Number of protein chains: 2
Amino acid sequence: MANKKVIRILAENKLKITPQRTAILEVILNLNNHPSAEDITQYLRLNYPHIPIGTVYKNLDLFVKKGIITPVRTSNESMRYDPVKEKHHHLYAPDSDILEDFFDDDLIKLLNDYFNRKKIPDFKIDDIKLQIIGRHDTK
Amino acid sequence: MANKKVIRILAENKLKITPQRTAILEVILNLNNHPSAEDITQYLRLNYPHIPIGTVYKNLDLFVKKGIITPVRTSNESMRYDPVKEKHHHLYAPDSDILEDFFDDDLIKLLNDYFNRKKIPDFKIDDIKLQIIGRHDTK
DNA sequence: ATTGCTGCAAACTCTTTGCAAGTTC
DNA sequence: GAACTTGCAAAGAGTTTGCAGCAAT
């Protein structure tokens, strides 16, 4: 059931391979939806009716610590999880709560160049997070 | 006690002028710290020992609805509140949980120009939120 | 055999809500 | 006096934690 990619990722990170864990990671990788813990649990329950949300949270925390996924906050309450490793930004539509990756190398380069030139006094930059807020066309 | 600016803002927004409300708004305007509801309550209790945090939240919600303040989320759990009206971005230091305004008209222009040129298919941009993540120099 | 994981429930943090009594306009 | 606000407590959402029993290495 568990695909090889998932097994490999878990092994590389020295995480024990359990059915729950592989299922959770598969959902995040395949859904590609920036799901919340609640979303993941709902989805898993289609095949696995009794998985507790506590187990989902514990695994998400581990995945975040290992760098397998990244937590993303929106203006909404719940934390969303992003499995993508390459540097990117996000589109967020508050009305629909849809959160999407926004890949744009030109933009990344633009910001890198900008902040390489313009230093901020007494502040060391680790990352730049850009959220493009808006809405999807309705027709 | 309540200063004229606060009174004016409340009147302009047709909010009734109560001691609690003016005190809350004064704290946000004067602290300039992007305080959380908890921060505001702690601070108010120096002079006003029994103010309930529920009252703080109710007023914050109203201020947000009226556009007097803007809620800002960081990677941390609690919501922070920003009274600044001019367009700006933020510096955030996760280690210290310090959130600061970052005013930079060149950056705003750079992003505006960029997104005026480069449209995103099926997406109407309402706002661009940029958080510069990093840490303050320790020496 | 050791170490780590699951399942369950309780607890915790942040925020919202309901409502009676009081205040503002 | 009509409409709104406060204070208080209870409840709600999202998340974390503790621990006994079980599974993976």
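Numbered from 1 within each chain, the chains take letters A, B, ... in sequence-line order. The model shown is predicted, which means the values in this text are computed figures rather than measured ones.
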Atom CD of Glu38(B) to atom P of dT13(C): distance rounded to whole Å?
10 Å
Leu60(A) and Ile40(A), any side-chain heavy atoms less than 4.5 Å apart:
yes
Please round to 10 degrees the angle between the axis of the first five pairs and the axis of the last five pairs in the helix from dA1(C)-dT25(D) to dC25(C)-dG1(D).
40°
Can you give me the closest heavy-atom contact between Arg73(A) and Asn76(B), atom names plus distance?
NE-O, 3.0 Å
Whole angstroms only, please: what is the CE-P distance between Met79(B) and dA13(D)?
17 Å
Between dC14(C) (P) and Asn76(B) (CG): distance, integer Å
8 Å
What is the separation between atom CG on Leu60(B) and atom P on dT17(C), rounded to the nearest whole Å?
14 Å
Between Pro94(A) and Ile133(A), is there a side-chain heavy-atom distance shorter than 4.5 Å?
yes
Specify the separation, in whole Å, of atom CD1 of Ile53(B) and atom C1' of dA9(D).
14 Å
How long is the line joining CZ of Arg80(B) and C1' of dT15(C), in whole Å?
16 Å
Hey, is NZ on Lys66(A) packed in by over 12 heavy atoms from elsewhere, all under 6.0 Å?
yes
Quick check: are there more than 12 heavy atoms from other residues, nucleotides or ligands sitting under 6.0 Å from CG of Asp105(A)?
no
Can you tell me which residue pairs pass the salt bridge (charged side-chain N to carboxylate O under 4.0 Å, His left out) test with a partner in residues 92-104 of chain A, sequence neighbours excluded?
Arg80(A)-Asp97(A), Asp104(A)-Lys118(B)
Taking OP1 and OP2 of dT16(D), is either one under 4.0 Å from a side-chain nitrogen or oxygen of Tyr57(A)?
no
Assess the pair Phe103(B) and His88(B): is the distance between their ring centroids shorter than 6.0 Å?
yes
Run the numbers on Lys65(A) and Asp61(A) for salt bridge (charged side-chain N to carboxylate O under 4.0 Å, His left out), then give the verdict.
CA-CA 6 Å; Lys65(A) 283 192 183 109; Asp61(A) 285 354; 5.4 Å; no
Measure the distance from CG on Asp61(A) to P on dT17(D) and round it to the nearest whole Å.
8 Å
Examine Phe123(B) together with His136(A) and report whether their ring centres are nearer than 6.0 Å.
yes
Take atom CD1 of Ile40(A) and atom P of dG14(D), then tell me their distance rounded to the nearest Å.
14 Å
B/S/- contact track for nucleotides 3-9 of chain C, protein heavy atom under 4.0 Å
BSSBBB-
